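Remarks on the structure that follows.
Remember, it's a predicted structure, so these values are computed and weren't measured experimentally.
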Amino acid sequence: MSKFSLITKGLLKENPTFVLVLGMCPTLATTTSAMNGLEMGLATMFVLILSNIVISLIAPVVPDKVHIPVYIVVIATFVTVLQLLMQAFTPDVYKTLGLFIPLIVVNCIILGRAEAFANKNGVWDSALDGIGIGLGFTLSLTVIGIVREILGSGSIFGWKFITGDGILAFVMAPGAFLVLGYLMVLFNKLAKK
Amino acid sequence: MAAKSNLTNMALVLTAVCLVCAAILGVVYVVTEEPIAAAAAAEAQASIAKVLPEGGEISEELTSDAEGVDGYYVQTDGEGAVCAYAVKSTTGGFGGPVTLMVGVLPDGTVFNTSVLSHTETPGLGAKCTEEKSHFREQWKGFKGKLAVTKDGGDIDAITASTITSRAYTKAVAQAVALVKSLEE
(Lines give C-alpha, C1' and ligand atoms only; values in the text may rest on other atoms or scores of the structure.)
Protein backbone atom coordinates (compact mmCIF):
# COMPACT_ATOMS: atom_id res chain seq x y z
CA MET A 1 0.00 0.00 0.00
CA SER A 2 1.48 3.36 -0.93
CA LYS A 3 2.22 5.92 1.76
CA PHE A 4 -0.26 8.34 0.29
CA SER A 5 -3.15 5.89 0.31
CA LEU A 6 -2.48 5.26 4.01
CA ILE A 7 -3.68 8.80 4.60
CA THR A 8 -6.51 8.93 2.08
CA LYS A 9 -8.06 5.63 3.16
CA GLY A 10 -8.89 7.23 6.52
CA LEU A 11 -10.84 9.93 4.73
CA LEU A 12 -12.89 7.69 2.43
CA LYS A 13 -12.58 3.92 2.36
CA GLU A 14 -12.08 3.49 6.11
CA ASN A 15 -13.65 6.71 7.32
CA PRO A 16 -13.96 6.07 11.07
CA THR A 17 -17.35 7.71 11.48
CA PHE A 18 -19.26 6.92 8.32
CA VAL A 19 -17.75 3.57 7.31
CA LEU A 20 -16.19 1.93 10.37
CA VAL A 21 -18.84 3.55 12.65
CA LEU A 22 -16.42 3.84 15.56
CA GLY A 23 -16.31 6.41 18.34
CA MET A 24 -20.00 7.29 18.25
CA CYS A 25 -20.15 8.67 21.80
CA PRO A 26 -17.92 11.71 21.19
CA THR A 27 -19.34 12.05 17.68
CA LEU A 28 -22.90 12.45 18.92
CA ALA A 29 -22.05 14.43 22.03
CA THR A 30 -19.59 17.06 20.82
CA THR A 31 -20.91 18.01 17.38
CA THR A 32 -23.36 20.66 18.60
CA SER A 33 -21.38 23.22 16.62
CA ALA A 34 -18.80 23.11 13.84
CA MET A 35 -16.06 24.48 16.09
CA ASN A 36 -16.69 21.89 18.82
CA GLY A 37 -16.57 19.08 16.26
CA LEU A 38 -13.34 20.37 14.78
CA GLU A 39 -11.66 20.76 18.16
CA MET A 40 -12.74 17.32 19.34
CA GLY A 41 -11.48 15.80 16.07
CA LEU A 42 -8.09 17.47 16.45
CA ALA A 43 -7.78 16.38 20.09
CA THR A 44 -8.54 12.78 19.12
CA MET A 45 -6.09 12.95 16.20
CA PHE A 46 -3.31 14.11 18.54
CA VAL A 47 -3.83 11.12 20.83
CA LEU A 48 -4.30 8.72 17.91
CA ILE A 49 -1.04 9.64 16.17
CA LEU A 50 1.05 9.47 19.34
CA SER A 51 -0.50 6.25 20.60
CA ASN A 52 -0.10 4.62 17.17
CA ILE A 53 3.58 5.56 17.12
CA VAL A 54 4.32 4.34 20.63
CA ILE A 55 2.30 1.15 20.28
CA SER A 56 3.97 0.20 17.01
CA LEU A 57 7.32 0.64 18.80
CA ILE A 58 6.53 -1.39 21.89
CA ALA A 59 4.28 -4.04 20.30
CA PRO A 60 7.10 -6.57 19.63
CA VAL A 61 8.08 -6.75 23.31
CA VAL A 62 4.58 -6.68 24.82
CA PRO A 63 3.39 -10.16 25.85
CA ASP A 64 0.16 -11.10 24.15
CA LYS A 65 -1.89 -11.62 27.31
CA VAL A 66 -1.29 -8.12 28.67
CA HIS A 67 -1.38 -6.15 25.45
CA ILE A 68 -4.78 -4.54 26.10
CA PRO A 69 -3.85 -3.15 29.54
CA VAL A 70 -0.53 -1.92 28.19
CA TYR A 71 -2.20 -0.13 25.27
CA ILE A 72 -4.82 1.41 27.53
CA VAL A 73 -2.14 2.75 29.88
CA VAL A 74 -0.31 4.30 26.92
CA ILE A 75 -3.51 5.85 25.53
CA ALA A 76 -4.66 7.11 28.93
CA THR A 77 -1.27 8.72 29.47
CA PHE A 78 -1.50 10.69 26.23
CA VAL A 79 -5.07 11.73 26.98
CA THR A 80 -4.07 12.99 30.42
CA VAL A 81 -1.10 14.85 28.93
CA LEU A 82 -3.43 16.45 26.40
CA GLN A 83 -5.92 17.35 29.10
CA LEU A 84 -3.29 19.03 31.26
CA LEU A 85 -1.84 20.90 28.29
CA MET A 86 -5.27 22.14 27.20
CA GLN A 87 -6.13 23.21 30.72
CA ALA A 88 -2.89 25.16 30.93
CA PHE A 89 -2.63 26.75 27.51
CA THR A 90 -6.09 26.78 25.91
CA PRO A 91 -8.47 27.18 28.88
CA ASP A 92 -11.29 28.40 26.63
CA VAL A 93 -11.28 25.25 24.52
CA TYR A 94 -10.96 23.19 27.68
CA LYS A 95 -14.10 24.83 29.06
CA THR A 96 -16.27 23.57 26.21
CA LEU A 97 -14.62 20.19 25.60
CA GLY A 98 -13.15 19.41 29.01
CA LEU A 99 -15.88 16.97 29.89
CA PHE A 100 -15.28 14.88 26.78
CA ILE A 101 -11.48 14.78 26.74
CA PRO A 102 -11.15 11.93 29.29
CA LEU A 103 -13.60 9.97 27.15
CA ILE A 104 -11.01 9.81 24.35
CA VAL A 105 -9.41 7.00 26.38
CA VAL A 106 -12.35 4.73 25.70
CA ASN A 107 -12.85 5.92 22.14
CA CYS A 108 -12.80 2.68 20.20
CA ILE A 109 -11.08 4.35 17.24
CA ILE A 110 -7.85 4.61 19.16
CA LEU A 111 -7.75 1.12 20.65
CA GLY A 112 -9.18 -0.15 17.35
CA ARG A 113 -6.33 1.31 15.33
CA ALA A 114 -3.80 0.03 17.87
CA GLU A 115 -5.21 -3.49 17.53
CA ALA A 116 -5.91 -3.48 13.81
CA PHE A 117 -2.94 -1.56 12.52
CA ALA A 118 -0.24 -0.20 14.81
CA ASN A 119 0.76 -3.51 16.42
CA LYS A 120 1.41 -5.15 13.05
CA ASN A 121 3.04 -2.27 11.18
CA GLY A 122 6.12 -0.07 11.41
CA VAL A 123 6.39 3.29 13.13
CA TRP A 124 6.22 5.38 9.99
CA ASP A 125 3.17 3.58 8.56
CA SER A 126 1.43 3.70 11.94
CA ALA A 127 1.98 7.44 12.21
CA LEU A 128 0.52 7.92 8.72
CA ASP A 129 -2.42 5.69 9.63
CA GLY A 130 -2.98 7.88 12.71
CA ILE A 131 -2.91 11.02 10.57
CA GLY A 132 -5.29 9.52 8.00
CA ILE A 133 -7.86 8.16 10.44
CA GLY A 134 -7.49 11.30 12.58
CA LEU A 135 -8.18 13.53 9.58
CA GLY A 136 -11.16 11.40 8.60
CA PHE A 137 -12.56 11.65 12.13
CA THR A 138 -11.94 15.41 12.33
CA LEU A 139 -13.54 16.00 8.93
CA SER A 140 -16.61 13.87 9.76
CA LEU A 141 -17.12 15.60 13.10
CA THR A 142 -16.73 19.02 11.53
CA VAL A 143 -19.25 18.23 8.78
CA ILE A 144 -21.79 16.90 11.30
CA GLY A 145 -21.11 19.97 13.44
CA ILE A 146 -21.63 22.32 10.49
CA VAL A 147 -24.96 20.71 9.54
CA ARG A 148 -26.22 20.70 13.12
CA GLU A 149 -25.11 24.27 13.70
CA ILE A 150 -26.76 25.55 10.49
CA LEU A 151 -30.05 23.80 11.24
CA GLY A 152 -30.02 24.15 15.01
CA SER A 153 -28.57 27.59 15.64
CA GLY A 154 -28.64 29.26 12.24
CA SER A 155 -24.91 29.92 12.24
CA ILE A 156 -21.65 28.60 10.78
CA PHE A 157 -18.53 28.50 12.98
CA GLY A 158 -20.29 30.90 15.34
CA TRP A 159 -21.18 33.40 12.60
CA LYS A 160 -24.94 33.87 12.79
CA PHE A 161 -26.90 34.34 9.56
CA ILE A 162 -30.43 34.36 10.94
CA THR A 163 -31.90 36.21 13.87
CA GLY A 164 -33.53 34.16 16.59
CA ASP A 165 -33.41 30.43 17.01
CA GLY A 166 -32.91 27.55 14.60
CA ILE A 167 -34.55 24.15 14.86
CA LEU A 168 -33.61 23.37 18.44
CA ALA A 169 -33.96 19.61 18.07
CA PHE A 170 -30.80 19.57 15.95
CA VAL A 171 -28.68 20.93 18.77
CA MET A 172 -29.93 18.21 21.08
CA ALA A 173 -29.41 14.45 21.04
CA PRO A 174 -32.18 13.47 18.55
CA GLY A 175 -30.75 15.86 15.97
CA ALA A 176 -27.33 14.27 16.39
CA PHE A 177 -28.72 10.84 15.47
CA LEU A 178 -30.74 12.22 12.55
CA VAL A 179 -27.86 14.16 11.03
CA LEU A 180 -25.43 11.29 11.54
CA GLY A 181 -27.82 8.83 9.91
CA TYR A 182 -28.55 10.96 6.85
CA LEU A 183 -24.90 11.90 6.37
CA MET A 184 -23.93 8.23 6.63
CA VAL A 185 -26.40 7.35 3.86
CA LEU A 186 -25.19 10.20 1.70
CA PHE A 187 -21.53 9.40 2.31
CA ASN A 188 -21.90 5.73 1.46
CA LYS A 189 -23.94 6.48 -1.65
CA LEU A 190 -21.29 8.91 -2.93
CA ALA A 191 -18.39 6.71 -1.89
CA LYS A 192 -19.75 3.70 -3.79
CA LYS A 193 -19.58 5.46 -7.13
CA MET B 1 4.80 -10.37 16.43
CA ALA B 2 3.90 -10.12 20.07
CA ALA B 3 6.14 -11.95 22.49
CA LYS B 4 4.96 -15.18 24.11
CA SER B 5 3.41 -14.55 27.52
CA ASN B 6 4.85 -15.81 30.77
CA LEU B 7 4.52 -14.46 34.26
CA THR B 8 7.93 -12.79 34.29
CA ASN B 9 7.67 -10.84 31.07
CA MET B 10 4.04 -9.88 31.70
CA ALA B 11 4.90 -8.42 35.11
CA LEU B 12 8.04 -6.76 33.79
CA VAL B 13 6.44 -5.13 30.77
CA LEU B 14 3.38 -3.90 32.66
CA THR B 15 5.52 -2.48 35.46
CA ALA B 16 7.92 -0.82 33.04
CA VAL B 17 5.12 0.71 30.96
CA CYS B 18 3.34 2.01 34.05
CA LEU B 19 6.55 3.47 35.48
CA VAL B 20 7.42 5.28 32.27
CA CYS B 21 3.86 6.61 31.90
CA ALA B 22 3.76 7.74 35.52
CA ALA B 23 7.06 9.55 35.04
CA ILE B 24 5.79 11.32 31.90
CA LEU B 25 2.59 12.35 33.66
CA GLY B 26 4.57 13.60 36.65
CA VAL B 27 6.73 15.82 34.46
CA VAL B 28 3.77 17.19 32.50
CA TYR B 29 1.86 17.83 35.72
CA VAL B 30 4.73 19.82 37.20
CA VAL B 31 5.23 21.79 33.98
CA THR B 32 1.54 22.66 33.60
CA GLU B 33 0.71 23.20 37.28
CA GLU B 34 1.61 26.88 37.27
CA PRO B 35 -0.08 27.86 33.97
CA ILE B 36 -3.26 26.02 35.06
CA ALA B 37 -3.36 27.86 38.38
CA ALA B 38 -2.63 31.14 36.59
CA ALA B 39 -5.37 30.53 34.04
CA ALA B 40 -7.90 29.70 36.78
CA ALA B 41 -6.91 32.78 38.80
CA ALA B 42 -7.05 35.02 35.72
CA GLU B 43 -10.50 33.67 34.90
CA ALA B 44 -11.76 34.29 38.44
CA GLN B 45 -10.31 37.81 38.40
CA ALA B 46 -11.80 38.55 34.99
CA SER B 47 -15.23 37.32 36.04
CA ILE B 48 -15.12 39.50 39.16
CA ALA B 49 -13.95 42.57 37.23
CA LYS B 50 -16.66 42.03 34.62
CA VAL B 51 -19.54 42.34 37.09
CA LEU B 52 -18.19 45.32 39.06
CA PRO B 53 -17.81 49.02 38.25
CA GLU B 54 -14.33 49.95 37.10
CA GLY B 55 -11.60 50.97 39.53
CA GLY B 56 -11.35 50.49 43.26
CA GLU B 57 -9.78 47.66 45.17
CA ILE B 58 -11.19 44.15 45.34
CA SER B 59 -10.83 42.20 48.57
CA GLU B 60 -9.82 38.58 49.04
CA GLU B 61 -12.60 36.02 48.88
CA LEU B 62 -14.85 36.15 51.95
CA THR B 63 -17.15 33.35 53.03
CA SER B 64 -20.77 33.48 54.05
CA ASP B 65 -23.34 31.07 55.47
CA ALA B 66 -26.12 32.50 53.31
CA GLU B 67 -28.01 29.96 51.22
CA GLY B 68 -26.38 29.19 47.87
CA VAL B 69 -23.53 31.66 48.34
CA ASP B 70 -20.08 30.14 47.75
CA GLY B 71 -18.18 33.30 48.63
CA TYR B 72 -18.06 37.00 47.92
CA TYR B 73 -15.69 39.88 47.28
CA VAL B 74 -16.00 43.48 48.44
CA GLN B 75 -14.94 46.33 46.21
CA THR B 76 -13.84 49.48 48.05
CA ASP B 77 -12.66 52.87 46.84
CA GLY B 78 -9.34 54.31 48.08
CA GLU B 79 -10.81 55.47 51.43
CA GLY B 80 -12.40 52.17 52.43
CA ALA B 81 -15.99 52.98 51.50
CA VAL B 82 -17.80 50.05 49.90
CA CYS B 83 -18.54 50.54 46.17
CA ALA B 84 -20.01 47.15 45.32
CA TYR B 85 -20.03 43.43 46.06
CA ALA B 86 -19.29 40.51 43.76
CA VAL B 87 -21.12 37.41 44.95
CA LYS B 88 -20.56 33.85 43.75
CA SER B 89 -23.99 32.26 43.89
CA THR B 90 -25.15 28.74 42.99
CA THR B 91 -28.61 27.29 42.33
CA GLY B 92 -29.96 24.16 40.72
CA GLY B 93 -30.74 24.67 37.04
CA PHE B 94 -32.30 22.31 34.52
CA GLY B 95 -29.21 20.14 33.96
CA GLY B 96 -27.28 20.66 37.19
CA PRO B 97 -25.86 23.47 39.28
CA VAL B 98 -25.66 26.96 37.78
CA THR B 99 -22.98 29.18 39.30
CA LEU B 100 -23.02 32.91 38.70
CA MET B 101 -20.88 35.85 39.63
CA VAL B 102 -23.25 38.68 40.50
CA GLY B 103 -22.14 42.29 40.97
CA VAL B 104 -24.44 44.10 43.40
CA LEU B 105 -24.32 47.75 44.47
CA PRO B 106 -24.82 48.50 48.19
CA ASP B 107 -28.43 49.63 47.60
CA GLY B 108 -29.31 46.21 46.17
CA THR B 109 -29.20 47.18 42.48
CA VAL B 110 -27.70 44.48 40.25
CA PHE B 111 -24.69 45.91 38.41
CA ASN B 112 -23.95 43.00 36.09
CA THR B 113 -23.93 39.20 36.06
CA SER B 114 -21.80 36.50 34.49
CA VAL B 115 -21.96 32.71 34.32
CA LEU B 116 -19.07 30.84 35.93
CA SER B 117 -20.25 27.30 35.25
CA HIS B 118 -23.39 25.50 34.15
CA THR B 119 -24.55 22.27 32.51
CA GLU B 120 -27.71 23.57 30.83
CA THR B 121 -28.99 22.22 27.51
CA PRO B 122 -26.99 23.53 24.53
CA GLY B 123 -29.15 25.78 22.38
CA LEU B 124 -31.76 26.24 25.12
CA GLY B 125 -30.74 26.98 28.68
CA ALA B 126 -27.09 27.41 27.67
CA LYS B 127 -28.18 30.66 25.99
CA CYS B 128 -27.88 32.24 29.43
CA THR B 129 -24.14 32.50 28.65
CA GLU B 130 -24.67 34.72 25.58
CA GLU B 131 -23.59 38.11 26.77
CA LYS B 132 -25.29 40.34 24.21
CA SER B 133 -28.70 38.66 24.54
CA HIS B 134 -31.73 40.48 25.94
CA PHE B 135 -31.81 38.10 28.89
CA ARG B 136 -28.32 39.13 29.96
CA GLU B 137 -28.66 42.82 29.09
CA GLN B 138 -31.72 43.25 31.29
CA TRP B 139 -29.68 42.46 34.40
CA LYS B 140 -27.51 45.55 34.03
CA GLY B 141 -28.80 48.03 36.58
CA PHE B 142 -31.77 45.82 37.44
CA LYS B 143 -33.68 46.68 40.61
CA GLY B 144 -37.22 45.43 39.93
CA LYS B 145 -38.92 42.36 41.28
CA LEU B 146 -36.60 39.35 41.18
CA ALA B 147 -38.73 36.73 39.46
CA VAL B 148 -39.51 35.81 35.86
CA THR B 149 -42.61 37.43 34.33
CA LYS B 150 -44.44 34.09 34.44
CA ASP B 151 -44.11 34.17 38.23
CA GLY B 152 -45.15 37.81 38.45
CA GLY B 153 -41.65 39.34 38.40
CA ASP B 154 -39.83 41.70 36.04
CA ILE B 155 -37.41 39.31 34.32
CA ASP B 156 -38.06 38.18 30.77
CA ALA B 157 -37.19 34.48 30.64
CA ILE B 158 -35.20 32.87 27.81
CA THR B 159 -37.61 31.35 25.28
CA ALA B 160 -38.27 27.68 26.09
CA SER B 161 -35.88 27.82 29.06
CA THR B 162 -38.01 28.95 31.96
CA ILE B 163 -36.30 26.60 34.43
CA THR B 164 -32.86 27.95 33.59
CA SER B 165 -34.17 31.51 33.75
CA ARG B 166 -35.73 30.83 37.15
CA ALA B 167 -32.48 29.33 38.42
CA TYR B 168 -30.54 32.33 37.12
CA THR B 169 -33.00 34.71 38.75
CA LYS B 170 -32.84 32.81 42.02
CA ALA B 171 -29.04 32.93 42.02
CA VAL B 172 -29.18 36.70 41.55
CA ALA B 173 -31.82 36.98 44.28
CA GLN B 174 -29.54 35.06 46.68
CA ALA B 175 -26.72 37.49 45.92
CA VAL B 176 -28.94 40.53 46.42
CA ALA B 177 -30.27 39.07 49.69
CA LEU B 178 -26.72 38.59 50.95
CA VAL B 179 -25.76 42.17 50.09
CA LYS B 180 -28.88 43.51 51.81
CA SER B 181 -28.08 41.53 54.95
CA LEU B 182 -24.48 42.77 54.86
CA GLU B 183 -25.56 46.38 54.49
CA GLU B 184 -27.93 46.26 57.44
Side-chain angles (χ1 to χ4, degrees), chain A residues 29-33 36 50 54-55 58-67 69-92 94-96 98-99 119-120 148-149 151-155 160 164-173 175-176, chain B residues 1-44 46-47 95-96 115-127 129-130 132-134 158-161:
Chain A
T30 61
T31 53
T32 51
S33 73
N36 282 359
L50 289 176
V54 170
I55 285 167
I58 62 170
V61 296
V62 174
D64 203 32
K65 280 185 186 160
V66 292
H67 73 280
V70 168
Y71 294 174
I72 289 289
V73 170
V74 170
I75 295 166
T77 304
F78 283 125
V79 171
T80 315
V81 167
L82 174 75
Q83 189 177 8
L84 288 170
L85 290 177
M86 281 176 80
Q87 226 173 331
F89 302 111
T90 56
D92 291 342
Y94 184 77
K95 244 167 128 183
T96 45
L99 190 62
N119 69 355
K120 319 186 174 63
R148 287 181 67 189
E149 199 181 335
L151 293 171
S153 319
S155 57
K160 223 163 159 52
D165 298 327
I167 311 164
L168 288 170
F170 281 99
V171 183
M172 297 193 290
Chain B
M1 275 309 305
K4 210 167 164 13
S5 316
N6 60 46
L7 191 62
T8 328
N9 71 4
M10 285 198 293
L12 274 178
V13 167
L14 260 183
T15 313
V17 167
C18 289
L19 277 178
V20 171
C21 288
I24 293 172
L25 284 182
V27 170
V28 175
Y29 179 79
V30 170
V31 171
T32 55
E33 197 179 9
E34 218 170 285
I36 290 175
E43 199 188 281
S47 67
V115 181
L116 294 181
S117 68
H118 75 97
T119 47
E120 299 307 286
T121 319
L124 290 169
K127 285 214 182 95
T129 59
E130 288 173 12
K132 292 275 176 278
S133 64
H134 170 69
I158 303 168
T159 314
S161 308

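- Between B/I36 and A/L84, the shortest heavy-atom distance links the atoms CD1-O, 3.7 Å.
- Looking at B/E33, there are no atoms closer than 4.5 Å to chain A (heavy atoms on both sides), in backbone or side chain.
- Scanning for ring-ring contact (aromatic ring centres under 6.0 Å, His included) contacts around B/H118 gives an empty result, with sequence neighbours left out.
- With sequence neighbours left out, the side chain to side chain donor-acceptor pair (under 3.5 Å) criterion links A/Q83 to A/Y94.
- Across all their heavy atoms, B/A39 and A/A88 have their closest contact at CB-O, 4.4 Å.
- Rounding to the nearest 0.5 Å places OG1 of B/T32 at 13.0 Å from CE of A/M86.
- Contacts between A/F89 and chain B at a heavy-atom distance below 4.5 Å involve the side chain alone, from C-beta outward.
- The candidate with the highest count of non-hydrogen atom pairs below 4.5 Å against chain A, out of B/V28, B/I24, B/L12, is B/V28.
- A side-chain contact (heavy atoms from CB on, under 4.5 Å) with B/V17 is found for one member of A/V61, A/V62, A/V73, A/V66 and no other, namely A/V73.
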